[in-house]
K.L.:
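The following block contains the structure, expressed as structure tokens.
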Number of protein chains: 2
Amino acid sequence: MTGLAAEALMNRVARGPLPDWRVFAEAFSVSRVAAGASVFRPGDQDRRIFIVRSGLIKLVYTLPDGEEWIKSFIAEEKFFACSSTLQSGAAAGFGAEAMEPSELEHCDFSVLERLAGQHIEWARVLNALLLDFAAKKEERERVFLTLKPADRFVWLKSTMPSLVERVPQKDLAAYLGVTPVGLNRIIKRLEKD
Amino acid sequence: MTGLAAEALMNRVARGPLPDWRVFAEAFSVSRVAAGASVFRPGDQDRRIFIVRSGLIKLVYTLPDGEEWIKSFIAEEKFFACSSTLQSGAAAGFGAEAMEPSELEHCDFSVLERLAGQHIEWARVLNALLLDFAAKKEERERVFLTLKPADRFVWLKSTMPSLVERVPQKDLAAYLGVTPVGLNRIIKRLEKD
DNA sequence: GTCATCGATTAATCCTGGTTAATGCGGGAC
DNA sequence: GTCCCGCATTAACCAGGATTAATCGATGAC
């Protein structure tokens with residue numbers, strides 16, 4: 001209908017047709033970002049919600065000493081936002097950067113807030129999105145808490161095989177909480193079985 | 001008004017008075033659990049939401065080999081639930097156990113679901129609770145991803161000093177993802193400064 | 001009171017991943 | 001084509017936490 005990836009995303013979580021759909025759809029813009037370009041930086045106060053139409057985004061914590069750890073990868077039809085989007089006032093603790101040339105749909109979060117305040121259907125959608133997000137973070141907590149680095153890679157390969165193909169090893173390492181050298185050693189060790 | 005800890009919790013996240021408050025309040029029961037007793041076990045399908053009136057609960061992942069890792073501690077006026085509460089169908093991957101003699105208020109989650117489906121105010125409350133939960137899991141992700149074991153303990157002491165007093169060292173260890181012996185060594189090392 | 005139990009502490013040893021550094025490889029700029 | 005640069009790979013060495021085991025202390029059962 002609109003051709004938006006946002007539509008696919010919303011249809012996935014909504015139980016039926018959504019009122020004021022046009023208000024939502026028309027609030028979106030589409031931007032192109034080059035590989036390596038940043039979408040927002042740590043410290044920014046950005047109130048937009050982003051949906052990936054094509055490409056791949058990484059959310060990155062940067063420590064004072066320059067170390068970088070990857071919070072998550074966002075692929076097609078998935079969404080992301082700066083921390084201040086959901087908790088207004090807060091500044092982003094992490095940045096967002098394109099890993100491939102990407103197309104992003106984005107709109108101000110206040111649009112969704114307003115719709116959720118007016119229609120229970122939109123409130124339910126917001127709920128489902130949050131729940132989805134919470135479940136992902138919870139799973140990541142489980143992985144870090146109960147799995148050793150080597151097992152974390154095995155888990156990654158079995159649950160997100162396409163990512164392992166698509167992403168450079170050093171970024172997989174930064175996502176799993178090990179150094180690039182460390183991950184390479186783990187992989188070679190596994191290959192000997 | 002009701003004397004429920006649930007009331008304090010809801011008032012903290014709601015922006016104003018909530019419709020059908022009685023429906024909510026009267027859906028609750030209160031249970032006492034002895035220290036060491038379990039509230040639900042991994043694999044259970046429990047659709048209740050629990051609020052701690054007094055005492056302390058731990059949520060625990062138990063691995064096939066018997067290892068135990070603590071997902072979180074739940075103290076007074078905080079809530080918790082089995083995974084199947086929010087994602088019906090799913091079974092709990094973790095169990096809940098009282099660390100102190102505790103009083104728990106609980107009601108079937110369907111009550112909240114129904115209220116949220118009828119009143120936008122309740123939908124907003126549910127949203128706020130989910131957001132709160134997501135933020136906590138996100139913070140925990142950050143801690144595991146960017147902090148070494150020793151720094152995780154420093155972080156714990158500065159953000160939840162009361163927990164460090166209240167909880168045995170071995171449980172702090174299981175929460176931080178290190179062994180009891182490991183944590184003890186870390187603490188002693190830190191004391192030499 | 002004694003005993004048993006559980007948690008804290010300490011020490012010895014092991015092991016996995018971190019650190020540093022060197023080499024190789026491949027793709028892009030020119 | 002050549003030159004770079006970033007990533008992967010490998011090796012040597014280091015370090016922090018894991019493992020195992022022994023001791024100690026406090027608490028609760030009896």
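Everything numeric here is computed off the predicted structure, so don't read it as measured data. Note on naming: letters A, B, ... go to the chains in the order of the sequence lines (proteins, then strands), and numbering restarts at 1 for each one.
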K.L.:
C/dG7 C1' sits how many Å from B/L183 CG, rounded?
P.N.:
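So the two atoms are 13 Å apart, to the nearest Å.
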K.L.:
Check this one for me: any side-chain N or O of B/R189 less than 4.0 Å away from OP1 or OP2 of D/dG16?
P.N.:
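The answer is no; no side-chain N or O of B/R189 sits under 4.0 Å from OP1 or OP2.
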K.L.:
What integer distance in Å separates A/I187:CD1 from C/dT16:P?
P.N.:
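For the pair A/I187 CD1 and C/dT16 P, the rounded distance is 17 Å.
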K.L.:
Could you check whether the rings of B/F24 and B/F28 sit parallel, tilted or perpendicular, using 30° and 60° as the cut-offs?
P.N.:
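B/F24 and B/F28: perpendicular rings.
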K.L.:
Choosing from C/dT20, D/dT19, C/dG17, which nucleotide comes nearest the side chain of A/I186?
P.N.:
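When the side chain of A/I186 is considered, C/dG17 is the closest of C/dT20, D/dT19, C/dG17.
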K.L.:
Of B/W69, B/F80, B/Y61, which meets ring-ring contact (aromatic ring centres under 6.0 Å, His included) against B/F94?
P.N.:
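Testing B/F94 for a ring-ring contact (aromatic ring centres under 6.0 Å, His included) against B/W69, B/F80, B/Y61 leaves exactly one candidate, B/Y61.
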K.L.:
Using the closest heavy atom to pick a nucleotide of DNA chain D for each, name whichever of A/K148 or A/V167 lands nearer the 5' end.
P.N.:
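Its nearest nucleotide being more 5', the pick is A/V167.
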K.L.:
If you check every side-chain atom of A/K170, which of D/dA18, C/dG17, D/dC7 has the closest atom?
P.N.:
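Among the listed nucleotides, the one closest to the side chain of A/K170 is D/dC7.
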K.L.:
Take A/R166 and A/E76 through the test salt bridge (charged side-chain N to carboxylate O under 4.0 Å, His left out) and record every step on the way to the result.
P.N.:
CA-CA 13 Å; A/R166 195 171 177 182; A/E76 288 87 355; 3.0 Å; yes
K.L.:
Between B/N184 and C/dA8, is there a side-chain N or O to OP1/OP2 distance below 4.0 Å?
P.N.:
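No, B/N184 has no side-chain N/O under 4.0 Å of OP1/OP2 on C/dA8.
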K.L.:
In whole angstroms, how far is the P atom of C/dA11 from the CZ atom of B/R185?
P.N.:
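Atom-to-atom, B/R185 to C/dA11, this comes out as 11 Å.
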K.L.:
Roughly how many Å is it from CD in A/Q169 to C1' in C/dG26, rounded to a whole number?
P.N.:
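Whole-Å distance recorded here is 15 Å.
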K.L.:
Nearest whole angstrom, please: distance from the C1' of D/dG17 to the CZ of B/F144.
P.N.:
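Result: 15 Å.
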K.L.:
How many whole angstroms separate atom CG of B/L145 from atom P of C/dG17?
P.N.:
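After rounding, the reported distance stands at 16 Å.
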K.L.:
Would you call A/K136-A/E139 a salt bridge at under 4.0 Å N-O?
P.N.:
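Not counted as a salt bridge, because no side-chain N and carboxylate O are separated by less than 4.0 Å.
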K.L.:
Quick check for you: among C/dT10, D/dG17, C/dG17, whose closest atom lies nearest to any side-chain atom of B/P149?
P.N.:
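The closest nucleotide is D/dG17.
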K.L.:
If you check every side-chain atom of B/V178, which of D/dT19, D/dA18, C/dG18 has the closest atom?
P.N.:
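Nearest to the side-chain atoms of B/V178, counting from C-beta on, is D/dA18.
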K.L.:
Within 45° of the six-membered ring axis of B/Y175 and under 6.0 Å from that ring's centre, is NZ or CZ of B/R140 located there?
P.N.:
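Because its charged atom sits under 6.0 Å from the ring centre and within 45° of the axis, B/R140 does stack over B/Y175.
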K.L.:
Look at A/T179 and C/dG18 and indicate whether a side-chain polar atom (N or O) is within less than 4.0 Å of OP1 or OP2.
P.N.:
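Indeed, a polar side-chain atom of A/T179 lies that close.
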K.L.:
Among D/dG17, D/dA8, C/dG7, which nucleotide has an atom closest to any side-chain atom of B/P168?
P.N.:
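Within the option list, the nearest is C/dG7.
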K.L.:
Take the protein atom CG of B/L172 and the nucleotide atom C1' of C/dG7, then report the distance between them rounded to whole Å.
P.N.:
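For the pair B/L172 CG and C/dG7 C1', the rounded distance is 12 Å.
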